[in-house]
Amino acid sequence: MPDVGEGLTEAEILKWYVQPGDTVTDGQVVIEVETAKAAVELPIPFDGTVHELLFPEGTTVDVGQVIISVNVGGEAAPAAPAAPVAEPAPAAAAPAAPVAEEEPQGRQPVLVGYGVAASSTKRRPRKGAGSPAPAQTAPVAVSVPEQLNGHAPVADRPLAKPPVRKLAKDLGVDLATVTPTGPDGIITREDVHAAAAPVAAPAPAPVAPAPAPAPVPAPAAVPVAAVASDARETRVPIKGVRKATAAAMVGSAFTAPHVTEFVTFDITRTMKLVEELKSDKDMAGLRVNPLLLIAKAVLVAVKRNPEINAAWDEAAQEIVLKHYVNLGIAAATPRGLIVPNIKDAHAQTLPELSKSLSELVATAREGKTTPAAMQGGTFTITNVGVFGVDTGTPILNPGESAILAVGAIKLQPWVHKGKVKPRQVTTLALSFDHRLVDGELGSKFLADIAAVLEQPKRLITWA
């Protein structure tokens, strides 16, 4: 099991795409796993025939644990059960298979992952499971010329983790042409992006090891893995995205001093502009909604108040001012609320921003958001108004200094040009880290967002 995201220690097997006896090729996706950050499809880094699946679907496996055995010697694998065996023992307990002489004793062979474990690890047992049965076969190792910091190259292929290989494939980048900058010559995501686009935007600042979950919890759907204890209660295991969300929110709430401010205003003109843009030829085929213009208003306000777009580096005792905006959008998914972000949103035109928002939401709903898409966020918008909620007090995402909650847009009596008239009204709530953002800065930033949405012509005059 590879580390598919920085700092992750385990992943749950959601689905196997292969069975014993199937032929696999280098780069073929063989498994889908769920980590604390997202569901991820993993490719296999060599050609061969599947010998055995060592863990069934629904099992949580530690990073570094062998999960699949593949015959790479060109011989057909022996017949095996059609489904994964239930509760096998960790691979470290299996008899040793023939390996190359230079393979250090006690180390695990390279399989779905990109390296070998320095020592065997134990899988976390599932509730109600008995003692695991002894494994019948051991994984077949790939002979490697050397070991580099716990990562083993396969033949002369460039060193890269499976998610990085998939990224390179998606971007059409030949890894053989990429100059590695990672430890011991490993190709990183940044290397692939640099190869795909030589003139790259400023690199996002490092984020905390904890994932960046959404700030305002949404109504939780009961996972498939829920275990009903009796007719009066249902117990749901806390794991995956929900577990990471809880840990990160507790850490954020007790680390950053939160302050929340509110503003209620007339958004009627913006709602009229939304309707006009829907029929604009430049926006043909694109999704236009209030969130699009709210996101654009946020970007304009960030430009006028750049200090709001910052992070607190506790270790270095520095405030990191970011000259780019990776705009996070809270999205409700079956696995919980996640916050993917639009990279360099500040540099996008309105049509480009509309396309990015649509792709972000569609990918999140399909459960295909990658860990990379949720890293490096600098500012977040959470739209609680879609649930009919007037406003909220959102909790900051770790590594960010502010977050905006958008309330429901409702027709209300409002004083307009000296007379009480029905107008579209909404409330925004801005939570910010008081170590970074004082009351003046927070108030100016929130007031600027409201001003743009009250008079959307400021999208042009203030841009």
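Hydrogens, waters and symmetry mates are skipped; everything else that's a heavy atom, side chains included, is used. Fair warning: this is a prediction, and the values are worked out from it, not measured in the lab.
V339 places none of its side-chain heavy atoms less than 4.5 Å from the side chain of I329. Side chains of V40 and T370 form no contact here, defined as non-hydrogen atoms less than 4.5 Å apart. With contacts defined as side-chain heavy-atom distances shorter than 4.5 Å, the pair L14/V33 does not qualify. Between L321 and N309 there is no side-chain heavy-atom pair separated by less than 4.5 Å. Side-chain contact between M374 and I338 is present, with at least one heavy-atom pair separated by less than 4.5 Å. For the pair V24 and V70, the minimum side-chain heavy-atom distance is below 4.5 Å. Residues V66 and L54 form a side-chain contact, since some pair of their non-hydrogen atoms from C-beta on lies under 4.5 Å apart. Using a 4.5 Å heavy-atom cutoff, the side chains of L53 and Q19 are in contact.
Partners of K15 under the salt bridge (Lys or Arg N to Asp or Glu O under 4.0 Å) rule, at least two apart in sequence or in another chain, do not exist in this structure. Listed by chain and residue number, Q348, T349 satisfy the side chain to side chain contact (heavy atoms under 4.5 Å, CB included) test with E352 (two or more places apart in sequence, or in another chain). Applying the side chain to side chain contact (heavy atoms under 4.5 Å, CB included) criterion to D282, with sequence neighbours excluded, gives D280. Annotation: side-chain hydrogen bond (donor to acceptor under 3.5 Å, both in side chains) contacts of R365 (sequence neighbours excluded): none. Residues meeting the side-chain hydrogen bond (donor to acceptor under 3.5 Å, both in side chains) test with S431, sequence neighbours left out: T260. Listed by chain and residue number, nothing satisfies the salt bridge (Lys or Arg N to Asp or Glu O under 4.0 Å) test with D191 (two or more places apart in sequence, or in another chain).
Proximity of a side-chain donor or acceptor of N341 to a complementary backbone N or O of A373 within less than 3.5 Å is detected. No side-chain donor-acceptor contact under 3.5 Å links E52 to the backbone of I68. Using modelled atom types, no side-chain atom of D344 and backbone atom of A347 make a donor-acceptor pair closer than 3.5 Å. In this structure, H258 contributes its side chain and L396 its backbone to a donor-acceptor pair below 3.5 Å. Not one N or O on the side chain of D22 forms a donor-acceptor pair closer than 3.5 Å with the backbone of V50. Judged purely by atom type and a 3.5 angstrom limit, D62 has no side-chain atom pairing as donor or acceptor with the backbone of E10. Checked by atom type and distance alone, the side chain of T363 pairs as donor or acceptor with a backbone atom of E359 at under 3.5 Å.
The closest side-chain donor-acceptor pair between N397 and T380 falls under 3.5 angstrom. Q28 and Y17 share no donor-acceptor pair across their side chains, judged by distance under 3.5 Å alone. T378 and E400 share no donor-acceptor pair across their side chains, judged by distance under 3.5 Å alone.
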### Task
Decide yes or no on side-chain contact (heavy atoms from CB on, under 4.5 Å) for K343 and Y324, but give the supporting numbers first.
CA-CA 9 Å; K343 309 299 183 187; Y324 58 93; over 6 Å; no
#### Entry: L327 vs K296, side-chain contact (heavy atoms from CB on, under 4.5 Å): CA-CA, chis, key distance, verdict
CA-CA 10 Å; L327 186 62; K296 195 65 176 178; over 6 Å; no
### Task
Kindly indicate, with the supporting measurements, whether the criterion side-chain contact (heavy atoms from CB on, under 4.5 Å) is fulfilled by T391 and L428.
CA-CA 7 Å; T391 190; L428 302 180; over 6 Å; no
### From CA spacing to verdict: side-chain contact (heavy atoms from CB on, under 4.5 Å), I403, L430
CA-CA 6 Å; I403 178 173; L430 179 75; over 6 Å; no
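Closest approach of V288 to K278, counting heavy atoms only: O-CE, 3.3 Å. The two residues I187 and P180 have their closest heavy-atom pair at CG1-CB, 3.8 Å. Across all their heavy atoms, A364 and A331 have their closest contact at CB-CB, 3.8 Å. Summarising the geometry of L436 relative to S401, their closest heavy-atom pair is CD1-CB, 3.4 Å, with the distance given to 0.1 Å. Considering every non-hydrogen atom in both T382 and P394, the closest pair reads CG2-CB, 4.2 Å. Closest of all the heavy-atom pairs between A311 and G399 is CB-O, 3.3 Å.
One finds the CG atom of L286 at 10.5 Å from the CG atom of L277 (value rounded to the nearest 0.5 Å). In this structure, the separation between CZ on R287 and OG on S358 is 6.5 Å, given to the nearest 0.5 Å. Interatomic distance, S69 OG to H51 NE2, rounded to the nearest 0.5 Å: 5.0 Å. Note: E318 CD to D313 CG = 6.0 Å, rounded to the nearest 0.5 Å. Rounding to the nearest 0.5 Å places CD of E12 at 8.0 Å from OG1 of T59. Atom CG of residue L360 and atom CG of residue L357 lie 6.5 Å apart, to the nearest 0.5 angstrom.
In summary, the aromatic rings of F445 and F379 are positioned with their centroids under 6.0 Å apart.
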